[in-house]
**Q** 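Here's a structure for you.
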Amino acid sequence: MTAGQLVYRGVPYTTHHSLPSLEPVEHVYRGVHYRMPLKHEPRLVDENLDLHYRGHIYHHRQQQ
């Protein structure tokens, strides 16, 4: 490792912004293990689904 190189939790990285890979990456979120690529297509919106946030109910809006 060179002086001035950035390190996060022992993993060195550069300041270049690289595109997310299509290679699957293993990670854990709130105790659930996932193996998915960092780059993925967004899911389709289910307009019938109610979203609850801090006691309020929200509905998806169709894009205009």
Side-chain angles (χ1 to χ4, degrees):
M1 214 170 5
T2 62
Q5 185 177 14
L6 300 175
V7 177
Y8 178 74
R9 294 189 177 193
V11 178
Y13 65 96
T14 63
T15 56
H16 302 358
H17 294 285
S18 59
L19 295 175
S21 172
L22 293 175
E23 292 291 321
V25 177
E26 291 194 33
H27 58 282
V28 178
Y29 179 71
R30 294 187 177 190
V32 179
H33 292 266
Y34 295 92
R35 181 172 167 77
M36 298 178 67
L38 295 177
K39 182 176 183 176
H40 60 276
E41 295 298 321
R43 292 184 180 179
L44 295 175
V45 173
D46 182 0
E47 294 182 12
N48 296 321
L49 184 66
D50 290 336
L51 303 175
H52 297 264
Y53 180 72
R54 294 187 177 185
H56 297 279
I57 299 176
Y58 297 88
H59 298 278
H60 285 288
R61 294 184 190 165
Q62 188 174 10
Q63 292 181 349
Q64 296 176 348

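As the structure is a computational prediction, the values presented were derived from the model and not from experiment.
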**Q** State which residues pass side-chain contact (heavy atoms from CB on, under 4.5 Å) with Leu44; sequence neighbours excluded, sorted by chain then number.
**A** none
**Q** Who are the side-chain contact (heavy atoms from CB on, under 4.5 Å) partners of Leu49, not counting sequence neighbours?
**A** Asp46, Leu51
**Q** Would you call the rings of Tyr34 and His27 parallel, tilted or perpendicular if under 30° counts as parallel and over 60° as perpendicular?
**A** parallel
**Q** Taking everything shown except Tyr53 itself, do over 12 heavy atoms lie less than 6.0 Å from its OH?
**A** no
**Q** With clusters defined by side-chain heavy atoms of hydrophobic residues (ILVMFWY) lying less than 4.5 Å apart, directly or transitively, does Met36 cluster with Tyr29?
**A** yes
**Q** Mind checking what makes side-chain contact (heavy atoms from CB on, under 4.5 Å) contact with His33, not counting sequence neighbours?
**A** Val28
